[in-house]
Peer 1: 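I have a structure I would like to understand better, so I am pasting it below and will then ask my questions one at a time.
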2 protein chains.
Amino acid sequence: MLYQETHRSPSRPVHAAVSSSPAVAKQQALAEALTAIGTSIRCARNSEVYGEGEPAETVYMVVSGAVRTYKLLSDGRRQIGDFHIEGEVFGLEAGAERQFTAEAIADSVVLVGKRNALVGMAANNAELAYELWVHTAGELQRAQDHLLLLGRKRAQERVATFLLDMAGRRKSDIFVDLPMSRQDIADYLGLTIETVSRTLTRLEDDAAIEIPTSRRIVLRDKRALGRLNA
Amino acid sequence: MLYQETHRSPSRPVHAAVSSSPAVAKQQALAEALTAIGTSIRCARNSEVYGEGEPAETVYMVVSGAVRTYKLLSDGRRQIGDFHIEGEVFGLEAGAERQFTAEAIADSVVLVGKRNALVGMAANNAELAYELWVHTAGELQRAQDHLLLLGRKRAQERVATFLLDMAGRRKSDIFVDLPMSRQDIADYLGLTIETVSRTLTRLEDDAAIEIPTSRRIVLRDKRALGRLNA
DNA sequence: CGACGGCTTGATCCGAGTCAATCCTGGTGG
DNA sequence: CCACCAGGATTGACTCGGATCAAGCCGTCG
């Protein structure tokens with residue numbers, strides 16, 4: 001029993017929500033539900049949260065810190081699927097097995113909850129059921145946007161897209177504090193560490209950004225960065 | 001009301017299904033439901049089924065022919081997200097707007113159904129509700145696998161992966177009849193048409209495949225192709 | 001202060017892109 | 001039935017963006 005409609009009227013009618021809300025919504029109910037059923041655990045920098053191929057029985061939310069998910073090729077080439085920062089849910093899968101390995105980028109605290117428990121709650125909470133669906137659809141949308149980046153964008157465009165995306169996820173949309181290393185960025189953008197570094201330097205020379213420290217980027221000219229996208 | 005649990009026991013308990021079935025399942029119920037509510041339309045080769053940014057109110061299934069979905073950059077660079085062949089459902093989105101443009105690759109027949117109608121049926125059909133979820137999760141999984149290909153695989157590996165994937169989708173797993181042009185393959189694999197062509201020729205020289213006609217490929221040595229993957 | 005890990009910079013290389021001819025092949029009309 | 005044509009596919013010559021190889025340069029932490 002994945003989902004159930006309740007007669008206790010949900011605060012917003014789900015049918016309407018399907019056709020009117022953006023694909024990536026606030027996910028209030030999902031975060032609350034996971035907070036209610038989950039237990040928080042501490043993950044040291046670079047420690048594994050779960051591994052590709054393991055049973056996908058749990059769901060997570062980042063309380064503090066950040067997480068990367070990735071796949072490896074046999075010779076060690078790595079593709080990072082996504083980063084997850086404070087407040088974001090990750091590890092929600094419909095299938096039996098983990099498709100990615102997840103690791104803490106920095107010392108982190110994450111909530112863990114049983115997938116079955118969440119799904120059970122969704123059975124009499126239409127809003128939550130809707131948000132589970134929206135969450136997977138949102139991940140799909142991010143993955144699809146990333147396909148375009150990896151398949152067709154040049155290095156400068158990739159980095160600009162990345163910076164704007166990171167800025168958009170936080171409150172402050174000008175100062176970007178990167179939790180991840182250049183190697184992580186490279187493996188996310190399908191580039192090498194050297195190309196990421198050179199490209200950032202180039203953007204700084206062009207006055208589009210400032211790099212006060214290697215983990216902090218100031219977006220000086222978002223318009224210029226935006227022009228490097230579409 | 002997206003989903004509803006029925007007390008008329010579903011033929012297989014959904015909880016069990018969540019943890020035991022593969023992420024990409026048969027989707028019998030989804031296909032049947034769409035067949036029941038849909039009307040079939042004819043799409044000429046290269047005609048648009050829907051466009052990026054349009055309201056996402058309908059869902060489709062390929063009856064015959066094939067479909068591509070893609071995004072464009074402003075200067076015309078194209079990334080194909082996926083191909084859909086006979087029997088496959090496409091265009092099922094949770095958000096309000098189309099994320100891709102969809103076009104018929106060849107003269108095709110597709111079923112169209114209202115998303116709201118499907119979602120309404122799912123309200124008292126747990127199996128169908130489950131399959132809607134599994135379908136989106138399956139698309140996510142394909143997209144994520146494709147991220148690895150686009151971000152980290154070399155041209156030969158990309159083409160080998162593509163051929164094995166196409167073979168796996170059909171009955172015959174040795175003879176691959178490609179409904180799409182070299183340009184489509186190139187835009188799917190993040191390569192150019194010339195590189196795709198050269199790579200196929202190279203694979204033929206290496207006796208991994210045969211190319212009796214440009215749209216038909218015979219996989220002579222699947223093991224060799226497989227070695228070009230992981 | 002020294003050492004280590006992460007980052008930057010430089011020099012060179014190479015895989016895939018670009019530009020430019022052909023080469024099929026399947027469809028058409030004489 | 002065959003010659004022709006058009007569009008897709010292949011092949012070749014050359015270029016180039018980003019990878020690779022190789023030093024240095026911080027900045028942080030012991």
Side-chain angles (χ1 to χ4, degrees), chain A residues 44-46 66 68 73 75-79 105-107 149-163 176-206 209-217 228, chain B residues 44-46 66 68 73 75-79 105-107 149-163 176-206 209-217 228:
Chain A
R45 179 178 141 82
N46 293 329
R68 63 180 167 246
L73 291 172
D75 64 357
R77 280 174 285 170
R78 183 177 71 157
Q79 179 62 43
I105 289 172
D107 292 341
L149 179 147
L150 292 175
R152 289 302 182 209
K153 290 188 182 177
R154 339 205 126 281
Q156 254 202 116
E157 298 168 325
R158 294 184 196 202
V159 172
T161 301
F162 171 71
L163 292 174
V176 182
D177 286 296
L178 301 171
M180 74 291 286
S181 69
R182 294 289 187 271
Q183 186 63 64
D184 286 334
I185 298 172
D187 287 346
Y188 179 61
L189 298 180
L191 300 171
T192 60
I193 188 175
E194 294 94 333
T195 298
V196 170
S197 183
R198 275 188 251 272
T199 303
L200 287 170
T201 303
R202 169 102 195 280
L203 288 174
E204 189 172 31
D205 291 346
D206 295 351
I209 63 174
E210 274 172 51
I211 315 177
T213 78
S214 72
R215 295 293 184 111
R216 162 161 270 234
I217 313 268
L228 291 173
Chain B
R45 178 178 140 84
N46 294 329
R68 63 178 166 248
L73 291 172
D75 64 356
R77 279 173 286 171
R78 183 177 71 156
Q79 179 62 44
I105 289 173
D107 293 339
L149 179 146
L150 293 174
R152 290 300 183 211
K153 290 188 182 177
R154 336 207 128 281
Q156 253 202 116
E157 298 168 325
R158 295 185 195 201
V159 172
T161 302
F162 171 71
L163 291 174
V176 181
D177 286 297
L178 301 171
M180 73 290 286
S181 68
R182 294 289 187 270
Q183 186 63 63
D184 286 333
I185 298 172
D187 287 345
Y188 178 61
L189 298 180
L191 300 170
T192 61
I193 187 176
E194 294 94 333
T195 297
V196 170
S197 184
R198 275 187 251 273
T199 304
L200 286 171
T201 303
R202 170 101 195 280
L203 288 173
E204 189 172 32
D205 290 347
D206 295 351
I209 64 174
E210 274 172 52
I211 315 177
T213 79
S214 72
R215 295 294 182 110
R216 162 161 271 234
I217 312 269
L228 291 173

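Values reported hereafter were calculated over all heavy atoms of this structure, with side chains retained and with hydrogens, waters and symmetry mates removed.
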Peer 1: Within this structure, what is the CG-to-P distance between A:L203 and C:dT8, rounded to whole angstrom?
Peer 2: 12 Å
Peer 1: What is the distance, to the nearest angstrom, from the CG atom on A:N46 to the P atom on C:dG5?
Peer 2: 13 Å
Peer 1: So, the side chain of B:R202 versus the backbone of B:S197: is there a donor-acceptor pair under 3.5 Å, distance only?
Peer 2: no
Peer 1: What integer distance in Å separates B:L189:CG from C:dA16:P?
Peer 2: 12 Å
Peer 1: To the nearest 0.5 Å, how far apart are CZ in A:R78 and CG in A:D75?
Peer 2: 13.5 Å
Peer 1: Just how far, in rounded Å, is P of C:dT25 from CZ of B:R216?
Peer 2: 15 Å
Peer 1: Enter the inter-axis angle for the ends of the helix from C:dC1-D:dG30 to C:dG30-D:dC1 (five pairs per end, rounded to 10°).
Peer 2: 30°
Peer 1: Using modelled atom types only, decide if a donor and an acceptor are shared between the side chain of A:R215 and the backbone of A:P179 within a distance under 3.5 Å.
Peer 2: yes
Peer 1: Given side-chain contact (heavy atoms from CB on, under 4.5 Å), test B:L203 with B:I217 step by step and report yes or no.
Peer 2: CA-CA 11 Å; B:L203 288 173; B:I217 312 269; over 6 Å; no
Peer 1: Please check if the side chain of A:D177 supplies one atom and the backbone of A:R216 the other of a donor-acceptor pair under 3.5 Å.
Peer 2: no
Peer 1: For A:R77, is there any backbone N or O sitting under 3.5 Å from a side-chain donor or acceptor partner on B:R152?
Peer 2: no
Peer 1: For the side chain of B:R68 and the backbone of B:Y188, is there at least one donor-acceptor N/O pair under 3.5 Å apart?
Peer 2: no
Peer 1: Assign a letter to each nucleotide of nucleotides 5-19 of chain D from its 5' end: B, base within under 4.0 Å of a protein heavy atom; S, sugar-phosphate only; -, no contact.
Peer 2: ----SBBBB----SS
Peer 1: Got a donor-acceptor contact below 3.5 angstrom from the A:R198 side chain to the A:I193 backbone?
Peer 2: no
Peer 1: Could you state the atom-to-atom distance from CD of A:E204 to C1' of C:dT8 in whole Å?
Peer 2: 12 Å
